[in-house]
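These numbers come from the heavy atoms of this one structure, side chains and all, not from hydrogens, waters or symmetry mates.
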Amino acid sequence: WNFRYDRAYPLYSTATGGGRKKALAGQRADFVIKSKNVFRQDQMECVDDFVANFIGKTQPVRFRGQVEVIPTPPPGCEYSVQYTPIVSGLYQLDVILMDIPIHGSPFEVDVRPAPTKIS
């Protein structure tokens with residue numbers, strides 16, 4: 001594994017937000033990846049390719065979250081991850097960069113059934 005000091009370092013990058021722990025089936029959920037470099041400083045340029053993979057633990061389901069750069073004032077670089085789970089159940093969320101998990105990954109996501117509408 002080869003890293004550059006001017007790029008994000010997976011072991012110091014983190015994920016925050018409710019979507020990394022829970023979601024409702026059929027509804028969009030999200031969380032944020034905060035990228036840090038090898039010196040544990042905020043990453044200045046948003047040029048890294050983070051990946052968010054979901055693997056069903058209770059259902060044979062796999063899907064990927066959409067990762068996009070969030071424009072933030074310097075210093076700092078954040079990535080927004082959005083996803084819409086279709087099937088309720090427990091999922092393993094792997095957030096990786098260069099095939100290395102970020103700090104705290106994998107996460108367990110509990111996807112609950114969406115509330116039913118009564119009319």
Side-chain angles (χ1 to χ4, degrees):
W1 181 63
N2 188 5
F3 69 90
R4 294 175 40 183
Y5 71 90
D6 62 337
R7 301 293 293 268
Y9 185 63
L11 301 177
Y12 297 152
S13 297
T14 58
T16 60
R20 72 183 167 94
K21 292 187 176 185
K22 60 184 177 178
L24 293 174
Q27 296 185 12
R28 192 185 89 156
D30 56 18
F31 63 93
V32 172
I33 300 169
K34 178 72 173 168
S35 98
K36 300 274 187 178
N37 64 24
V38 70
F39 303 110
R40 296 182 190 239
Q41 299 168 329
D42 290 340
Q43 185 58 27
M44 302 300 274
E45 293 185 54
C46 297
V47 294
D48 297 291
D49 296 319
F50 288 94
V51 176
N53 291 319
F54 293 81
I55 302 166
K57 295 176 89 174
T58 55
Q59 301 285 343
V61 177
R62 293 174 168 259
F63 62 94
R64 183 172 278 187
Q66 170 124 10
V67 181
E68 297 179 352
V69 174
I70 301 173
T72 56
C77 180
E78 294 182 352
Y79 297 81
S80 172
V81 180
Q82 293 102 32
Y83 65 97
T84 303
I86 304 302
V87 179
S88 61
L90 289 177
Y91 290 83
Q92 176 177 307
L93 164 59
D94 297 307
V95 180
I96 56 176
L97 174 65
M98 298 181 288
D99 294 325
I100 306 289
I102 70 166
H103 180 75
S105 181
F107 304 98
E108 185 172 272
V109 181
D110 183 11
V111 177
R112 302 270 171 125
T116 56
K117 295 181 182 177
I118 300 174
S119 44

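Residues in residues 26-50 take part in these ring pair (Phe, Tyr, Trp, His ring centres under 6.0 Å) pairs, two or more places apart or across chains: Phe50-Tyr79.
The number of heavy-atom neighbours closer than 6.0 Å to CD of Gln82, taken from other residues, nucleotides and ligands shown, is above 12.
Ile86 and Val109 fall within a single hydrophobic cluster, where Ile, Leu, Val, Met, Phe, Trp and Tyr are joined by side-chain heavy atoms under 4.5 Å apart, directly or via other members. Under the 4.5 Å side-chain contact rule for hydrophobic residues, Phe107 and Ile55 do not share a cluster. Under the 4.5 Å side-chain heavy-atom criterion for grouping Ile, Leu, Val, Met, Phe, Trp and Tyr, Val81 is connected to Met98 within one hydrophobic cluster. Ile100 and Val38 end up in the same hydrophobic cluster when Ile, Leu, Val, Met, Phe, Trp and Tyr side chains are linked at under 4.5 Å.
Across Arg20, Lys57, Lys22, a single residue satisfies salt bridge (charged side-chain N to carboxylate O under 4.0 Å, His left out) together with Glu108, and that is Lys57.
For the pair His103/Leu11, no side-chain contact is recorded, criterion being any heavy-atom separation below 4.5 Å from C-beta on.
Using the six-membered ring where Trp is involved, Tyr83 and Phe54 have ring planes that are tilted, between 30° and 60° apart.
Among all heavy-atom pairs drawn from Ser88 and Arg112, the shortest one is CB-C, 3.8 Å. Nearest heavy-atom pair across Ala25 and Val87 is CB-C, 4.3 Å. Here the closest non-hydrogen pair linking Arg7 and Asp48 is NE-OD1, 3.0 Å. Of all heavy-atom pairs between Ala29 and Gly19, the closest is CB-CA, 4.4 Å. For Asp49 against Leu97, the heavy-atom pair with the smallest separation is O-CD1, 3.5 Å. Among all heavy-atom pairs drawn from Asp42 and Lys36, the shortest one is OD1-NZ, 2.8 Å.
Side chain of Ser13 to backbone of Ile102: no donor-acceptor contact under 3.5 angstrom is found.
Taken from OG in Ser35 to CD in Glu45, the straight-line distance is 10.5 Å, to the nearest 0.5 Å. Between atom CD1 of residue Ile96 and atom CG of residue Asn53 there is a gap of 5.5 Å, rounded to the nearest 0.5 Å. Distance CZ/Arg40 to OH/Tyr9: 9.0 Å, rounded to 0.5 Å.
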